[in-house]
Number of protein chains: 2
Amino acid sequence: MSHDEVASDVAAAPRRATIRDVAAHAGVSKSVVSRVLRDEPNVSAERRERVRSAMTELNYRPNSIARGLSESRSGTVGVVINDLRNPWYVSLLEGLATTFDAVDVAPLLVDSRLDHQVGRNTVETLLSRQVDGLVVVGTTDARVDVERAAESIPVVLAGTLEPDLPTVDIAVDDDHLGARLATEHLLALGHRRLAHIQGPGMVGRLRRKGFEDAIAAADAGVEHVVEFGGTTEEGGYAATGRLLDTAAPPTAILAFNDMACLGAMSAADDRGVSVPGDLSLIGYDDTRLASLRHISLTSVDNGNFAVGAQGAKFLLRRMDRLTAPQQIYRHPPRLAVRRTTSAPR
Amino acid sequence: MSHDEVASDVAAAPRRATIRDVAAHAGVSKSVVSRVLRDEPNVSAERRERVRSAMTELNYRPNSIARGLSESRSGTVGVVINDLRNPWYVSLLEGLATTFDAVDVAPLLVDSRLDHQVGRNTVETLLSRQVDGLVVVGTTDARVDVERAAESIPVVLAGTLEPDLPTVDIAVDDDHLGARLATEHLLALGHRRLAHIQGPGMVGRLRRKGFEDAIAAADAGVEHVVEFGGTTEEGGYAATGRLLDTAAPPTAILAFNDMACLGAMSAADDRGVSVPGDLSLIGYDDTRLASLRHISLTSVDNGNFAVGAQGAKFLLRRMDRLTAPQQIYRHPPRLAVRRTTSAPR
DNA sequence: CTGTTAGCGCTTTCAC
DNA sequence: GTGAAAGCGCTAACAG
């Protein structure tokens with residue numbers, strides 16, 4: 001068969017150089033090239049150099065798919081986030097990415113809410129993509145899928161405590177402590193009528209407990225009330241409405257998160273209740289939102305970068321040893337005091 | 001060799017069923033299974049059924065890596081975002097993901113700012129992961145890398161106009177129109193001293209042009225000034241400071257984006273300038289931020305979901321035909337009027 | 001240290 | 001219709 005130019009409008013994309021081409025070019029065998037590629041020791045300095053320069057000359061780039069097939073791993077991990085629109089996860093993701101990058105693992109990010117909308121099973125899709133592990137970021141509604149996944153691949157939770165399985169590691173901030181710190185701050189300012197807007201799941205229960213325990217530890221004479229508000233601005237807005245439209249409204253509110261806290265702020269605005277004059281507010285997560293000047297929310301910094309980084313480390317460890325005993329990391333949170341808290345009038 | 005149980009703490013993870021197992025189980029050849037897998041026609045109904053049930057029985061899941069190696073494609077595309085912390089891209093991403101999901105392509109999301117920090121080359125990393133294409137979301141600083149990448153794989157720009165290459169498709173909103181709409185709104189309200197906070201790059205220039213053209217088309221007697229402010233809250237804050245601390249400050253400002261607009265809002269707060277009473281403000285992108293009650297920014301909705309969806313379609317098309325002629329999609333923007341604009345005092 | 005030889009799980013000819 | 005055989009680009013034994 002002659003080597004005539006095939007009629008085609010596609011530029012004759014020069015086939016990528018393969019390990020074989022490099023071997024030929026350097027006058028060695030494939031194996032040597034493979035060894036150089038993986039920085040193995042058993043290669044003479046001279047040939048190593050020869051291979052290296054052959055690689056640059058041919059503009060060689062290893063094919064990670066082929067490698068994956070050989071090593072039966074993909075070099076990717078699935079990162080399941082419930083809803084990308086609430087950006088509390090941003091620095092957690094950065095923590096994950098930084099750690100994974102260092103070992104050449106690529107996170108495959110999926111928004112399970114979105115997947116749900118288009119009717120596909122997030123976890124199943126990731127599994128068929130051969131992800132080497134799974135990071136569940138924040139409360140998930142794909143609980144059973146996660147449990148099933150944990151049977152076949154390493155799974156860690158970051159920023160959530162559920163589902164709590166013996167072979168699933170957990171990296172979170174200490175929600176109980178965070179809520180306690182926030183509440184103590186309010187008590188120290190002199191507030192005596194406090195409210196908490198509770199969020200969902202175990203995290204929600206822990207933050208509530210932290211709130212209540214701080215109050216229980218305080219002098220008597222502190223009133224408190226808990227209202228369910230969820231994770232959204234909307235939820236915080238509604239809950240705060242219910243709290244403020246009472247005979248003796250609270251003088252301070254600890255919200256489940258920053259979004260709900262913003263909702264609380266708006267509810268206060270609507271009623272002419274001044275923040276922090278008439279009402280102190282504390283959020284949770286210390287998102288970028290909280291630090292915007294115009295908002296300037298006092299908020300609990302849950303150290304999400306560290307949580308993400310530790311979650312990634314847990315996963316990497318578990319990738320070596322699927323059934324290792326469960327490890328839990330609780331990051332100590334820190335209160336970031338800004339302009340939505342002050343002493344009560 | 002005997003089949004003794006090997007001492008191991010790892011649960012004998014039952015090897016995933018392969019196409020071979022399915023074939024054996026169904027009593028057919030690999031080829032038939034492969035055909036069923038890809039919904040090819042030339043398989044008798046009876047055997048097709050047999051293969052199907054063998055698959056379910058064995059809980060078979062195709063290995064996308066192996067498939068990728070065979071078809072020399074990975075089924076992934078790289079999505080390069082400059083900075084995840086400014087969430088203007090969220091719905092653009094949803095548009096991308098929705099379209100890609102439908103054809104089983106997985107977006108590999110990378111934050112080039114973060115990559116830059118850890119000293120790795122975003123585009124190069126993606127290429128070595130064998131992505132089948134590249135989506136550049138928003139202004140990028142990896143311009144030359146993108147240009148190089150465009151030589152070997154399909155590239156589209158979403159929400160940015162640079163680098164403008166003949167084989168790189170573009171999906172954006174019509175920035176000139178968007179800025180014009182916003183400016184006309186201000187003019188219609190009666191404002192006669194307007195300012196614009198300009199952002200970077202071609203998008204920045206277009207929005208500025210839209211601003212200026214709207215004013216040029218208006219009755220005479222409209223003063224205007226442009227101040228560079230960039231994309232961040234910080235930048236908007238500083239620029240607005242400069243604008244307000246003059247003898248005849250503007251009564252309305254069109255900011256480059258919502259973040260800068262929030263900065264503008266804070267600068268106004270600091271000076272006791274009331275919004276919208278003394279100063280009307282318009283953002284751009286209509287992010288989730290803008291619609292938060294407490295913020296309630298008038299903003300230009302750039303239809304990012306549609307932009308993302310169209311960008312994805314462009315890329316899929318180009319994956320069939322790398323050198324197709326350039327296509328450009330300009331989404332018509334829409335002004336979302338909220339509480340930061342009103343007639344001047 | 002080096003080269004040879006088998007695969008990894010799938011698609012893709014090409015005969016039958 | 002169906003099956004056999006030959007890869008995709010790499011890693012991983014195994015002899016030398």
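Just so you know, these numbers use all the heavy atoms, side chains as well, and skip hydrogens, waters and symmetry mates. Proteins get letters first, then strands, A, B, ... in listed order; numbering begins at 1 in each.
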Give a yes or no on whether a salt bridge exists between [X] and [Y], defined as a side-chain N under 4.0 angstrom from a carboxylate O.
{"X": "B/R113", "Y": "A/E94", "answer": "yes"}
{"X": "B/D169", "Y": "B/R317", "answer": "yes"}
{"X": "A/R120", "Y": "B/D104", "answer": "yes"}
{"X": "A/D39", "Y": "A/R52", "answer": "yes"}

Per-nucleotide protein contact string for nucleotides 9-16 of chain C (B base, S sugar-phosphate only, - none; heavy atom under 4.0 Å): BBBB----

Do you see a donor-acceptor pair shorter than 3.5 Å between the side chains of [X] and [Y]?
{"X": "A/S91", "Y": "A/N304", "value": "no"}
{"X": "A/D145", "Y": "A/N121", "value": "yes"}
{"X": "A/Q326", "Y": "A/D164", "value": "yes"}

Range on DNA chain D touched by chain A - first to last nucleotide, heavy-atom distance under 4.0 Å: D/dC8 to D/dA13

